[in-house]
Amino acid sequence: MTSGHTMLTGVTDGFFCCLLGTPPNAVRPLESVESSDGYTFVEVKPGRVLRVKHAGPVPIPTPPPPPPLPEDDPGVKTGLVRCQRRITVYRNGRLVVENLGRAPRADLQGHSGSGDPPSALEVELAEPAGGDARATPGSGRRRRLRRPKRTIHIDCEQRITSCKGAQADVVLFFIHGVGGSLAIWKEQLDFFVRLGYEVVAPDLAGHGASSAPQVAAAYTFYALAEDMRAIFTRYAKKRNVLIGHSYGVSFCTFLAHEYPDLVHKVIMINGGGPTALEPSLCSIFNMPTCVLHCLSPCLAWSFLKAGFARQGAKEKQLLKEGNAFNVSSFVLRAMMSGQYWPEGDEVYHAELTVPVLLVHGMHDKFVPVEEDQRMAEILLLAFLKLIEEGSHMVMLECPETVNTLLHEFLLWEPEPEAEPQPQPQPLQP
């Protein structure tokens, strides 16, 4: 009876939406205020206000001073990684990524890793022209690569260290995807605050309690990316860790590319492959807003089926608490049609030198596991972790497993490499 009433209400509201030409239940912009329940409302630009959950560590007794770091020893380089890569883009649409240095082994204790990155990786960016020379299967002929269109050399050193709780220079940023809100991170926020971390989680525009402009241009990738830039620069410290889910992964990648000296590690949860974003022309979200509003109950049920491995009472409650797809039809349509980011291609991702943890729920029907596997191949230093019992909303379904993986990655650092010691010279008689 409840679902039928919801369906009837959706159809009725959609009918009036078509008659009046305005979306129902439009969310009005909020004032920039500090609330008493731990939320901050940040005005990223005039009339554009985002709700942000900013929490610091729970007060704990002051621990004794830590022992001296191994880096005090001049012969030991703790966490120092030499990033050497050559990325070659050819005019026929081929991409060749060569790892010239020795990257630290991508493995986390207690979980299977993706292993060492390949020394060379060839990727097809686009369909090559008909005149390109191709090697037919079994012919033994190698593909002839034409003159490079551009070559990118990466040669840098960076220090990757363990990010522990109560360290004053570490901040964790959590960015949700389409239709969600900062509420989907509740288990993660509570967990890491208890461990002493400082956390920041915003609601994207039109989501949660953030303002919802009734202009489609407010929900393009670039508009939302600038919102995240404003939040990041407001709260960032020396070592910042970006955690994104689904569409939120793209904003994490954008920030890591823009601020390589401030982003220490990145975590991508069911984010997909390293491909440029382009909205689909045949998507259901291209329908008029009023039609989408009529279909909203069906969309919510479809999301429950595809986003969770199980569809029991617990999952329905999680969906309600996480506010997934609890956005207006106008915002949902604008978000899907605004996913245009041609710069975020394979080359863009291959240029990243920050360590990345990829978490994938094996029952995810939105993001195939092959896409995250492709992402792990493109990135210089990546860990791919598969959760068998999870789906797209794995942080809600398996919070303990996700929290453990994230914490292990925060604590991970490459093993120190001692400088070779000079061999003693034999004494001359």
Inspect the contact between [Y] and [X] and indicate whether a charged nitrogen and a carboxylate oxygen are less than 4.0 angstrom apart.
| X | Y | value |
| --- | --- | --- |
| Arg194 | Asp190 | no |
| Glu351 | Arg85 | no |
| Lys237 | Asp169 | no |
| Arg229 | Glu226 | yes |

Of the options Phe221, Tyr247, Tyr219, which is the one that meets Gln339 in a side chain to side chain contact (heavy atoms under 4.5 Å, CB included)?
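For Gln339, the side chain to side chain contact (heavy atoms under 4.5 Å, CB included) check succeeds only for Tyr247.
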Here's a test for you: under side chain to side chain contact (heavy atoms under 4.5 Å, CB included), which of Leu352, Thr353, Leu100, Leu381 qualifies with Cys83?
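Among the candidates, only Thr353 passes.
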Result block: side-chain N/O donor-acceptor pairs under 3.5 angstrom for residues 267-278, not counting sequence neighbours:
| from | atom 1 | to | atom 2 | distance (Å) |
| --- | --- | --- | --- | --- |
| Asn270 | OD1 | His360 | ND1 | 3.4 |
| Asn270 | OD1 | Gly361 | N | 3.0 |
| Asn270 | ND2 | Ser391 | O | 2.9 |
| Asn270 | ND2 | His392 | O | 2.9 |

Heavy-atom side-chain proximity of [X] to [Y] below 4.5 angstrom:
| X | Y | result |
| --- | --- | --- |
| Leu406 | Thr404 | no |
| Pro355 | Phe409 | yes |
| Asp372 | Val367 | yes |
| Phe174 | Ile184 | no |

Review item, side-chain donor-acceptor pairs of residues 199-208, under 3.5 Å, at least two apart:
| from | atom 1 | to | atom 2 | distance (Å) |
| --- | --- | --- | --- | --- |
| Asp203 | OD1 | Leu182 | N | 2.7 |
| Asp203 | OD2 | Arg51 | NE | 2.6 |
| Asp203 | OD2 | Arg51 | NH2 | 2.9 |
| Asp203 | OD2 | Ala209 | N | 3.1 |
| His207 | ND1 | Ala205 | O | 2.9 |
| His207 | NE2 | Gly179 | N | 3.0 |

Will you find, in the side chains of Glu343 and Tyr222, an N or O donor that is under 3.5 Å from an N or O acceptor?
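Tyr222 and Glu343 do have a side-chain donor-acceptor pair below 3.5 Å.
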Would you tell me whether Arg48 and Ser211 have side-chain atoms, one donor and one acceptor, within less than 3.5 Å of each other?
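Short answer, no.
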Are Phe191 and Tyr197 an aromatic pair by the rule of ring centers under 6.0 Å?
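No, they do not, as the ring centres are separated by 6.0 Å or more.
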Would you confirm whether the ring centroid of Phe173 sits within less than 6.0 angstrom of the ring centroid of Trp185?
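No, too far apart.
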Straight-line distance of Glu371 CD to Leu358 CG, nearest 0.5 Å
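Answer for the CD-CG pair, Glu371 versus Leu358, is 12.0 Å.
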